[in-house]
Amino acid sequence: MRRSTLAAVGLAVAGTVVLTGCKDGNEELTPAAPSAPAASPSSSAPAADGGYSTPPSASAAPSASTGGGDAPAPGTGGTAKSGQVFKIGEAATVPFSYGSTKGGQIALTVTAIEQGNPADLDALKLGDKVKGMIPYYVRYSVQNTGTTDLSFTSVGHIKGLLADGSEAQGVSVIGKFEKCPNESLPKGFTNGKTQTSCAIALAPSAQTKVSGAEYWGDPYNSLNKNKELIWK
């Protein structure tokens, strides 16, 4: 029997979803195990005739991968400062810890923000909760630039930003959503390894765009009274 991918918009329901967008602490809740993948429609952006077509600069959603390779071009040298602003495509060097894994360092890069098709959300079975909303896919890469093995950790705390600087609504998915894959870092994620990931952001209407992104993981979270890192 096939099981559907499960999702939630800014709320938690026991046993099915995780809380998104909560900034009163450092850790985001994560599922114990993903459900079986569900079919999902192709990603697209609105065309002039009212239909949808793939944006010229957009490609198929990247799947998670590991390997060496050159690091993304950093915005500035050294560890990113609270409130620092980067251009999309620039890397921020940030300290990283997850659960019992401490003392890591990563280069975090928001690589693209792509507009999707509202029909993409049908696979998540969110119903009226997302009626009229437009999905955007915040794509980012994570490179291990430190000496700590980050196997099986997860780099979340990425949210989309609307044109006025306010936060876009997020969606947390349990299972696989091919439009916007978001998986834990694999075994052997040591120095030089890179993985791509994605966060879903929702614009409230077709007249509002998701044009930026923020990272609010420790030490850039509101609990520590620091400002988030921004890409735009």
Side-chain angles (χ1 to χ4, degrees), residues 18 20 25-37 59-82 84-114 137-160 170 172-200 213-221 223-224 226 228-231:
V18 298
T20 65
N26 179 41
E27 294 297 332
E28 288 180 311
L29 300 177
T30 54
S35 62
S59 58
S63 59
S65 62
T66 61
D70 296 333
T76 60
T79 302
K81 297 178 174 60
S82 295
Q84 189 167 347
V85 179
F86 298 85
K87 294 179 181 179
I88 292 175
E90 288 184 338
T93 298
V94 301
F96 179 74
S97 297
Y98 184 90
S100 61
T101 301
K102 307 294 184 181
Q105 178 182 277
I106 59 174
L108 179 64
T109 310
V110 173
T111 57
I113 299 174
E114 299 172 0
Y137 304 125
V138 180
R139 305 201 185 278
Y140 60 99
S141 67
V142 177
Q143 183 178 58
N144 188 343
T145 57
T147 58
T148 302
D149 186 343
L150 301 181
S151 298
F152 310 122
T153 63
S154 182
V155 181
H157 301 91
I158 297 282
K159 288 183 68 70
S172 183
V173 179
I174 295 178
K176 290 186 177 181
F177 181 48
E178 293 181 1
K179 293 295 169 204
C180 195
N182 188 336
E183 299 178 354
S184 298
L185 301 179
K187 181 179 180 180
F189 199 80
T190 53
N191 182 272
K193 299 290 186 177
T194 301
Q195 176 164 292
T196 58
S197 195
C198 180
I200 304 172
E214 66 178 18
Y215 173 70
W216 53 279
D218 185 36
Y220 308 103
N221 53 55
L223 180 65
N224 290 334
N226 289 326
E228 300 82 356
L229 303 181
I230 304 294
W231 282 262

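Predicted model only: the values in this text are computed from it and were never measured.
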* **Reported CD1-to-CD1 distance for the pair I88 and I230, which is rounded to 0.5 angstrom** => 11.5 Å
* Asked: Do L185 and Y98 have side-chain heavy atoms sitting under 4.5 Å apart?
  -> no
* To do: To the nearest 0.5 angstrom, please state how far the OG1 atom of T111 sits from the CZ atom of R139.
  => 8.0 Å
* **T196 OG1 to E183 CD distance, which is reported to the nearest 0.5 Å** => 9.0 Å
* Y137 versus P181: any side-chain heavy-atom pair under 4.5 Å? -> no
* Asked: Who are the side-chain hydrogen bond (donor to acceptor under 3.5 Å, both in side chains) partners of T101, not counting sequence neighbours?
  -> none
* **For F86 against A92, the heavy-atom pair lying closest together** => CZ-CB, 3.5 Å
* Asked: Mind checking whether V142 and F96 have side chains closer than 4.5 Å, heavy atoms only?
  -> no
* Mark yes or no for whether N191, through its side chain, and G146, through its backbone, hold a donor-acceptor pair below 3.5 Å. => yes
* With under 30° as parallel and over 60° as perpendicular, where do the rings of W216 and H157 fit, or are they tilted in between? -> perpendicular
* Asked: V110 and I113: which non-hydrogen atoms are nearest, and at how many Å?
  -> CG1-CG1, 4.4 Å
* So do the side chains of N182 and V173 get within less than 4.5 Å of each other, counting heavy atoms only? -> no
* Do T190 and D149 have a side chain donor and acceptor closer than 3.5 Å? -> no
* Locate the shortest heavy-atom distance separating G78 from T93; write the atom from each residue and the value. => O-CB, 3.7 Å
* Taking all atoms of both residues into account, what is the closest heavy-atom pair of V138 and G160, and its distance? -> CG2-CA, 4.2 Å
* Asked: Between F152 and K187, which heavy-atom pair has the shortest distance, and what is it?
  -> CZ-CB, 3.4 Å
* Structure fact -> CD (E114) and SG (C198) are apart, to the nearest 0.5 Å, by 8.0 Å
* Structure fact -> Separation between CG (L229) and CD (E90), nearest 0.5 Å, reads 12.0 Å
* Any S97 side-chain heavy atom under 4.5 Å of D218 side chain -> no
* Inspect the surroundings of NZ in K102 and state if more than 12 heavy atoms from other residues, nucleotides or ligands are less than 6.0 Å away. => yes
* To do: Show your reasoning for whether side chain to side chain contact (heavy atoms under 4.5 Å, CB included) applies to I158 and L108.
  => CA-CA 10 Å; I158 297 282; L108 179 64; 4.1 Å; yes
* **T109 side, atom OG1; Q143 side, atom CD - distance, nearest 0.5 Å** => 8.0 Å
* W231 (side chain) donor-acceptor with Y215 (main chain) under 3.5 angstrom -> no
* Structure fact -> Taking every heavy atom of G156 against every heavy atom of Y140, the minimum-distance pair comes out as CA-OH, 4.3 Å
* Please check if the side chain of S151 supplies one atom and the backbone of G188 the other of a donor-acceptor pair under 3.5 Å. => yes
